[in-house]
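This report concerns only the one structure given below.
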Amino acid sequence: MKQILLPLLLLFCFSKTQEKIVLKTQFGDNVVVTNDIIYYNNQPISKKIEGIIYSSQYNRLIEQKGIVFLFIEIDNTPNYNNLSAYKLTKDKANKIVECVYNDNTHGIGQSPFTDMDEDGKIEFGGFDITEEYESKDSMYYNPSIYYELNNGIISFDSLLAKKMDVRVNGIYLSKPLNKNKGCCVVIKKPEKKSSR
């Protein structure tokens, strides 16, 4: 009996891997995310965070003007995943924003944390999934949300959102909700431009 239990116990111990994100600030401080909690120099600074994708290539620290931002990818199935941005101090992790991000939605081909509109600032964001509309010549307006990181501040990038909305929807609507305050109004499908 002991010979059977020992291999099973060892198999159980080694099959459960510890999920962990390990990062270092420019000043050598440790930022670790494990058990769904953010730790700064081994001290817990957040509550439990649901849905962390530990293996994401987008989990990272970005530091500007002495301010440390932690970006974590969050599972948002059945929709696209989200990026959560936290402003870190040694005592606390404050969630600043959470938004959808897209690598290649609608053929845009932008990755988060790039200068998408060539204004010298890092941007992230994108479009979420929308339902198909019954008519072939119409669609639900699909609004985007984009943020930029500039001089240690994360703010909504309205110019980039307008530009991307026009690119995907053919128009920009400042009020995309329908009369029931649901997303979103129905618009005519934009005409495909020829590639000549």
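What you see below is based on every heavy atom in this structure, not just the backbone, and it leaves out hydrogens, waters and symmetry mates. What you see is a predicted model, and the numbers here were worked out from it, not measured in a lab.
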**Least distance between heavy atoms, Ile129 atom then Pro78 atom** = CD1-O, 3.5 Å

**Closest contact, heavy atoms only, Lys65 versus Gly152** = CG-N, 4.2 Å

**Message:** Within this structure, what is the CD1-NZ distance for the pair Ile72 and Lys95, rounded to the nearest 0.5 Å?
**Reply:** 9.5 Å

**Request:** Find out whether Asp115 and Ile122 are in side-chain contact, i.e. whether some heavy atom of one side chain is under 4.5 Å from a heavy atom of the other.
**Result:** no

**Asked** Is the backbone N or O of Ile153 less than 3.5 Å from a side-chain atom of Gln64, with the two atoms forming a donor-acceptor pair by type?
**Response** no

**Asked** If you count the non-hydrogen atoms of other residues, nucleotides and ligands that lie under 6.0 Å from NZ in Lys48, is the total more than 12?
**Response** yes

**Item:** For the student: nearest non-hydrogen atoms of Ala161 and Tyr146, plus distance
**Value:** CA-CD1, 4.0 Å

**Message:** Clusters formed by hydrophobic residues whose side-chain heavy atoms approach within less than 4.5 Å: which one holds Tyr172, and what are its other members?
**Reply:** Met139, Tyr141, Val166, Ile171, Leu173, Val185, Ile187

**Fill in**
Output for pair (Lys121 NZ, Asn150 CG), nearest 0.5 Å, gives 4.5 Å

Only distances under 3.5 Å count here; give the side-chain donor-acceptor pairs of residues 39-47 to other protein atoms, sequence neighbours excluded, each with its distance to 0.1 Å.
from  : atom 1 : to    : atom 2 : distance (Å)
Tyr40 : OH     : Asp29 : OD2    : 3.0
Asn41 : OD1    : Asn30 : N      : 2.8
Asn41 : ND2    : Asp29 : OD1    : 3.1
Ser46 : OG     : Ile38 : N      : 2.8

**Close side-chain approach of Phe124 to Val97, heavy-atom, < 4.5 Å** = yes

**Request:** Give the cluster check for Val33 versus Leu61: same hydrophobic cluster or not, with ILVMFWY residues linked at side-chain heavy-atom distances below 4.5 Å.
**Result:** yes

**Message:** So, taking the atom named OG in Ser158 and the one named NZ in Lys163, what distance separates them when rounded to the nearest 0.5 Å?
**Reply:** 13.5 Å

**Request:** For Ile74 and Glu50, work out which heavy atoms get closest and say how close.
**Result:** CG2-O, 3.6 Å

**Prompt:** Is the closest side-chain heavy-atom distance between Asp165 and Phe127 below 4.5 Å?
**Reply:** yes

**Message:** Return the CD1 to OG distance between Ile21 and Ser56, rounded to the nearest 0.5 Å.
**Reply:** 8.0 Å

**Whether Asn35 side chain and Ile37 backbone form a donor-acceptor pair below 3.5 Å** = no

**Prompt:** Hey, are the side chains of Leu88 and Val31 touching, using non-hydrogen atoms and a 4.5 Å cut-off?
**Reply:** yes

**Item:** Within-4.5 Å side-chain heavy-atom neighbours: Asp119 and Glu148
**Value:** yes

**Message:** Using only atom types and a distance under 3.5 Å, with no angle test, would you say the side chain of Asn59 pairs donor to acceptor with the backbone of Ile53?
**Reply:** yes

**Message:** Show the nearest heavy-atom pair for residues Gly125 and Met116, with the distance to one decimal.
**Reply:** N-CE, 4.5 Å

**Asked** If we ignore angles and hydrogens, is there a donor and acceptor under 3.5 Å between the side chains of Thr77 and Asp75?
**Response** yes

**Request:** Looking only at non-hydrogen atoms, find the nearest pair between Ala85 and Ile154 and report the distance.
**Result:** CB-CD1, 3.8 Å

**Message:** Please determine whether residues Leu83 and Leu23 belong to a single hydrophobic cluster, defined as Ile, Leu, Val, Met, Phe, Trp and Tyr linked transitively by side-chain heavy-atom distances below 4.5 Å.
**Reply:** no

**Asked** Any side-chain heavy-atom pair from Pro176 and Cys183 closer than 4.5 angstrom?
**Response** no

**Message:** Checking the side chain of Ser155 only, and the main-chain atoms of Leu149 only, is there a donor and an acceptor separated by less than 3.5 Å?
**Reply:** no

**Prompt:** Does Asp157 reach the main-chain N or O of Leu160 with its side chain, forming a donor-acceptor pair under 3.5 Å?
**Reply:** yes

**Message:** Working note: Glu73 + Tyr101, criterion side chain to side chain donor-acceptor pair (under 3.5 Å); need CA distance, chi angles, decisive distance, verdict.
**Reply:** CA-CA 9 Å; Glu73 184 175 354; Tyr101 78 92; 2.8 Å; yes

**Message:** What I'd like to find out is whether the side chain of Tyr86 reaches to under 4.5 Å of the side chain of Ile49, using heavy atoms alone.
**Reply:** yes

**Item:** From CD1 (Ile52) to NZ (Lys20), nearest 0.5 Å
**Value:** 13.5 Å

**Item:** Lys189 side-chain N/O to Lys136 backbone N/O, donor-acceptor pair under 3.5 Å
**Value:** yes

**Request:** Applying side-chain contact (heavy atoms from CB on, under 4.5 Å), run through Tyr140 and Glu131 and close with a yes or a no.
**Result:** CA-CA 7 Å; Tyr140 288 108; Glu131 293 180 37; 4.1 Å; yes

**Asked** Can Tyr54 and Asp36 be counted as having a side-chain donor-acceptor contact under 3.5 angstrom?
**Response** yes

**Request:** Say whether Val32 and Val68 are linked into one hydrophobic cluster, either directly or through other cluster members, by side-chain heavy-atom distances under 4.5 angstrom.
**Result:** no

**Item:** Euclidean distance, Cys99 SG relative to Asn81 CG, rounded to 0.5 Å
**Value:** 11.5 Å

**Message:** For Phe113 together with Phe71, are the ring centres under 6.0 Å from each other?
**Reply:** yes

